[in-house]
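Quick caveat, the model's predicted, so the values are computed rather than measured. Labels below follow one simple rule: chain letters A, B, ... track the order of the sequence lines, proteins then strands, and each chain is numbered from 1. Note: hydrogens, waters and symmetry copies are ignored here, and every other heavy atom, side chains too, is used.
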Amino acid sequence: MSAEATEVRAETDNVLEIRDARVTFDMARGRARVLNDISVDIKRGETFGIIGESGCGKSTFGSVLMDAVEDPGITTGEVLYYPEEGAEPVDILDVTDRQLRQIRWEEIVMVSQAAQNAFNPTITVRRHFTDTFDAHNVDRREGLERAREVLEDLRLEPERILSSYQHELSGGEKQRALLALGLIFDPEVVVLDEPTAGLDLLVQREILSLLYELKEEYGFTLLFISHDIPMVAGFADRLAVFYSFNIIEIGDIDDVLLNPEHPYTRLLTLTHIDLDMAMEDVNTVEGETPDPINVPSGCPFHPRCPIADDRCVVEEVELRGEEGTNHKVACFYPDVATDRIPIHPSLVEGGEENV
Amino acid sequence: MSGEDEPILTIEDLEVHFTEETAVQQATPQAIREYLGWVPQPTKAVNGINLEIEENEILALIGESGSGKTTLGKAAIGLQEPTKGSVKYKGYDLQELHKKNVIDDMEWAEARQGLQVVHQDPGAALHPYKTLMASLQEPLKIWYPELSKADYRERILAMFQECGLTPVEEYEDRYPHELSGGEQQRVTLIRAMLLEPDLILMDEPVSALDPSLSIDLMDLMLELQDIFETSFLFISHNLEHARYITSQVGGDVAVMYMGRIVEYGDVDEVLEDPQHPYTQVLKWATMPMHPHEARERLEADTPLRSFESPNPDNPPSGCKFHPRCPKAREICAEERPELEEGDQWEVACYRRDQNHPYWDSEWLDEEGEMDIPV
Ligand SMILES: Nc1ncnc2c1ncn2[C@@H]1O[C@H](COP(=O)(O)OP(=O)(O)OP(=O)(O)O)[C@@H](O)[C@H]1O
Ligand code: SF4
Ligand code: SF4
Ligand SMILES: [Mg+2]
């Protein structure tokens with residue numbers, strides 16, 4: 001590695017560098033490519049938001065970071081993990097099972113969508129903790145000591161929670177206990193996949209506030225996946241918009257939300273129902289979501305894009321941005337998009353419509 | 001007092017109680033239970049509910065899990081027997097109709113057909129090993145035995161067309177697992193609509209869908225209502241969905257807290273300027289999309305004394321919201337405010353009345369009053 005490259009790295013201090021990550025599934029109908037050559041860097045300590053419609057590959061991307069794509073899925077590419085600044089990276093897709101077991105949980109954890117059923121109903125929360133300690137060669141007493149602290153940080157009563165079975169906990173308690181289990185080894189990277197799905201409004205809100213505080217206190221890198229923009233809008237330093245198994249727009253949160261340049265991102269903002277605004281402004285992104293076996297040619301958004309032309313149908317489009325900015329977009333005509341496709345009025349300064 | 005000009009549903013002083021007992025308690029003879037002082041305390045799942053739903057109306061019911069919204073919904077369509085009070089379908093009491101089977105020219109079967117339900121989990125409503133056509137024909141066979149198979153198919157394909165499941169011939173042979181979440185939810189709506197009901201109870205129908213699909217399904221409901229004049233009782237914990245579905249037809253919203261309706265009125269007015277502190281807190285909890293506003297909201301103090309909802313088996317005294325209410329004064333812990341017309345609409349909170357002794361009562365604790373920034 002050249003001295004120059006090392007220097008750039010030191011400046012940016014990436015915790016993860018993902019290169020050409022691809023996931024395929026062979027199915028009766030053909031080969032499904034459910035993650036399509038994603039390359040992206042995650043900075044140490046940042047909160048990285050991921051949004052996009054159902055089925056666009058968000059959870060798959062999260063799984064790839066821990067090489068946890070389910071069989072018979074095949075993952076290729078590189079996921080370089082830098083345990084600390086300046087350290088030699090390891091490729092998570094190319095480590096021994098032993099190393100992987102250690103990295104998952106101690107270094108990178110994912111608390112996923114199905115959290116409500118993640119606990120084994122026949123054992124107590126304490127057992128979940130002690131089993132985890134055993135698997136990672138951690139002394140149970142010391143571990144439980146730490147568990148109590150983390151549970152308290154999550155505003156739970158440690159003793160009651162530890163001695164409970166999952167059915168004795170409310171949805172919000174279960175979700176927080178699961179977060180505590182994820183944070184128990186002070187991981188470097190935390191991936192949250194729809195962490196408030198299925199929870200009541202006030203419980204969701206409590207978990208958001210808690211995460212916001214904990215993030216500061218624990219200092220982990222946070223990847224926050226949701227299909228709901230408002231869930232990540234207040235958290236994220238950067239935002240990536242997924243469409244058709246790839247990133248189609250990425251940048252600092254203000255750039256991507258207040259100045260979106262991809263037609264899909266702009267249309268996606270219009271799906272937000274604002275309690276103080278007229279319902280006429282609400283819109284859906286019309287058309288079919290792409291089929292992973294049969295992704296459209298050229299720009300995969302062209303069948304739904306209001307400004308697509310012939311070029312979009314034939315030519316492949318890549319993430320590009322202007323020199324010196326973080327804001328990148330996979331569209332041939334970002335200026336036309338900005339001109340012709342409105343965004344949600346609440347994102348426009350002064351609340352005026354940007355048509 | 002019954003007939004065509006009656007509302008589809010009239011709910012009067014409805015109460016539903018559940019008694020939770022352990023297996024040991026249930027197995028113990030009554031005399032011994034009494035001797036041991038095991039008198040089961042019923043939990044009032046819903047209490048003091050009065051509602052009317054007219055033809056072609058949409059009412060949104062908002063509340064947290066455990067607030068009783070599903071119990072109220074079930075009672076409204078005859079799936080849950082009231083402990084007290086009554087539910088009338090076109091003027092006929094559902095319980096009486098159930099017992100007698102026929103009153104005047106109204107039959108129990110007609111009421112059952114007229115009141116349908118769509119659940120949160122679309123998977124549960126469809127048979128996993130049957131094609132959509134086979135699954136959807138089943139209810140038609142029961143309710144329209146006089147029609148032929150070709151008639152059933154025609155009706156089903158027409159609904160597919162109406163609901164955007166096209167090409168229809170491709171969809172009829174599909175199995176539920178070959179549908180996306182949004183499509184499955186559309187099929188369960190079709191299943192309910194095929195019976196030409198007067199009212200459909202939609203219990204959290206879009207809470208598992210992404211924003212675009214949620215809007216699609218709600219738009220579909222509105223279109224179907226336009227054609228068939230169906231009424232909807234729409235249950236949700238999401239204010240945004242409640243507003244979207246009701247606002248466009250000038251519908252109402254009812255906010256439930258611990259079994260009671262605490263605020264009721266026109267959806268746009270109520271959500272723009274909620275009067276009950278609980279509704280205000282729900283609005284506060286609904287995150288804005290603008291990144292700066294959202295961040296501000298996350299950094300601000302929570303306008304709640306406690307996030308935890310109280311144990312329904314042991315409800316708080318007075319106003320049930322007082323242990324969490326950011327505006328609670330001592331009087332709130334003593335007596336329960338009724339749902340009454342205020343300056344604007346119905347609210348169950350003392351603050352609706354400028355002259356109420358509430359205003360001279362001491363704050364509940366040293367915390368005093370909390371701001372609800374909405
Ligand atoms: N085990 C699997 N076999 C085949 N296809 C799969 C499998 N798991 C996921 N997929 C497909 O991969 C694509 C991406 O799925 P993924 O779960 O990553 O989406 P998502 O963006 O997380 O969606 P949601 O918002 O609904 O959670 C989808 O088309 C999905 O059907
Ligand atoms: S590249 Fe073409 S089709 Fe794709 S988003 Fe841009 S304008 Fe639309
Ligand atoms: S009556 Fe008192 S406790 Fe109840 S909502 Fe009003 S202010 Fe709050
Ligand atoms: Mg997912």
Side-chain angles (χ1 to χ4, degrees), chain A residues 49 52-56 155 170-173 197-213 226-236 239 252-254 256-258 267-276 278-280 282-286 288-289 344 346-348, chain B residues 62-67 120 180-182 204 207-216 218-219 236-248 268 271-274 278 281-302 304 307-309 324 374:
Chain A
E53 65 191 346
S54 210
C56 67
R155 292 197 212 122
S170 71
E173 286 170 342
L199 297 174
D200 272 329
L201 183 58
L202 292 180
V203 181
Q204 286 189 9
R205 191 57 183 74
E206 177 183 27
I207 289 182
L208 280 191
S209 294
L210 266 171
L211 281 171
Y212 192 74
E213 279 172 29
S226 177
H227 55 223
D228 221 4
I229 303 176
M231 280 293 164
V232 302
F235 258 102
L239 189 64
D252 295 342
I253 184 90
D254 284 8
V256 176
L257 279 186
L258 302 179
L267 292 170
L268 194 63
T269 66
L270 296 176
T271 63
H272 176 62
I273 302 164
D274 193 295
L275 294 181
D276 290 320
M279 292 297 102
E280 291 89 72
V282 178
N283 239 312
T284 62
V285 187
E286 278 174 35
E288 297 271 311
T289 55
H344 195 278
S346 73
L347 297 171
V348 181
Chain B
I62 293 178
E64 293 168 275
S65 62
S67 64
Q120 176 170 16
S180 71
E204 300 269 11
S207 58
L209 300 179
D210 78 22
S212 197
L213 293 174
S214 303
I215 294 168
D216 282 339
M218 292 189 286
D219 282 345
S236 177
H237 64 258
N238 183 310
L239 267 54
E240 294 155 341
H241 295 154
R243 165 118 197 263
Y244 188 78
I245 189 77
T246 39
S247 166
Q248 298 175 68
D268 287 331
L271 293 185
E272 198 189 323
D273 186 21
Y278 178 61
V281 171
L282 290 180
K283 185 169 177 186
W284 166 84
T286 304
M287 293 296 279
M289 181 164 60
H290 194 294
H292 305 168
E293 288 170 30
R295 183 154 297 211
E296 233 171 75
R297 203 67 81 79
L298 280 174
E299 281 169 356
D301 288 335
T302 300
L304 269 179
F307 266 113
E308 294 299 319
S309 39
R324 302 168 83 191
V374 283

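Taking A/Asp200, A/Asp228, A/Leu347, A/Thr271 one by one and counting their heavy-atom pairs under 4.5 Å with chain B, the maximum is reached by A/Asp200. Of all the listed residues (A/Met231, A/Glu286, A/Glu53, A/Glu213), the one sharing the greatest number of non-hydrogen pairs under 4.5 Å with chain B is A/Glu53. By number of non-hydrogen pairs under 4.5 angstrom with chain A, the leading residue of B/His292, B/Glu272, B/Glu204 is B/His292. The candidate from B/His237, B/Glu293, B/His241, B/Glu296 with the greatest count of non-hydrogen atom pairs under 4.5 Å with chain A is B/His237. Annotation: maximal heavy-atom pairing with chain A below 4.5 Å, among B/Gly66, B/Ser207, B/Ser247, B/Pro288, occurs at B/Pro288.
Both the backbone and the side chain of B/Glu64 come within contact range of chain A, judged by heavy atoms closer than 4.5 Å. Neither the backbone nor the side chain of B/Asn238 comes within contact range of chain A; no heavy atom of the residue lies under 4.5 Å from a heavy atom of that chain. Only the backbone of B/Leu209 comes within less than 4.5 Å of a heavy atom of chain A; no side-chain atom from C-beta onward does. Of the two parts of A/Gln204, only the side chain, counted from C-beta on, holds a non-hydrogen atom closer than 4.5 Å to a non-hydrogen atom of chain B. If you measure heavy-atom distances from A/Thr289 to chain B, you find no contacts under 4.5 Å at all. When heavy atoms are compared at a cutoff of 4.5 Å, A/Leu201 approaches chain B by way of both its backbone and its side chain. For A/Glu173, the part lying near chain B is the side chain, with the backbone staying farther off; criterion is any non-hydrogen pair under 4.5 Å.
Contact of the B/His290 side chain with the A/Leu258 side chain is registered, since non-hydrogen atoms from C-beta on lie closer than 4.5 Å. With a 4.5 Å cut-off on side-chain heavy atoms, B/Arg324 and A/Leu202 count as touching. Side-chain contact check for A/Leu275 versus B/Arg243: some heavy-atom pair is nearer than 4.5 Å. With contacts defined as side-chain heavy-atom distances shorter than 4.5 Å, the pair B/Pro211/A/His227 qualifies.
Distance check: A/Arg205 CZ to B/Thr302 OG1 gives 6.0 Å after rounding to the nearest 0.5 Å. Between A/Met279 atom CE and B/Gln248 atom CD the span is 7.5 Å, to the nearest 0.5 Å. Here the CG-CZ distance, from A/Leu208 to B/Arg297, works out to 11.5 Å after rounding to the nearest 0.5 Å. Here the CG-OG distance, from A/Leu199 to B/Ser65, works out to 8.5 Å after rounding to the nearest 0.5 Å. Here the OG1-CG distance, from A/Thr284 to B/Leu213, works out to 9.0 Å after rounding to the nearest 0.5 Å. Atom CG in A/Leu210 sits 11.0 Å away from atom CG in B/Leu298 (nearest 0.5 Å).
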Could you check B/Arg295 against A/Phe235 for side-chain contact (heavy atoms from CB on, under 4.5 Å), going step by step and ending with a plain yes or no?
-> CA-CA 7 Å; B/Arg295 183 154 297 211; A/Phe235 258 102; 5.5 Å; no
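At a threshold of 4.0 Å, the pair A/Asp276-B/Lys283 counts as salt-bridged, since one of the basic side-chain nitrogens sits closer than that to a carboxylate oxygen.
Without hydrogens or angle criteria, B/Ser212 side chain to A/Val285 main chain gives a donor-acceptor distance under 3.5 Å.
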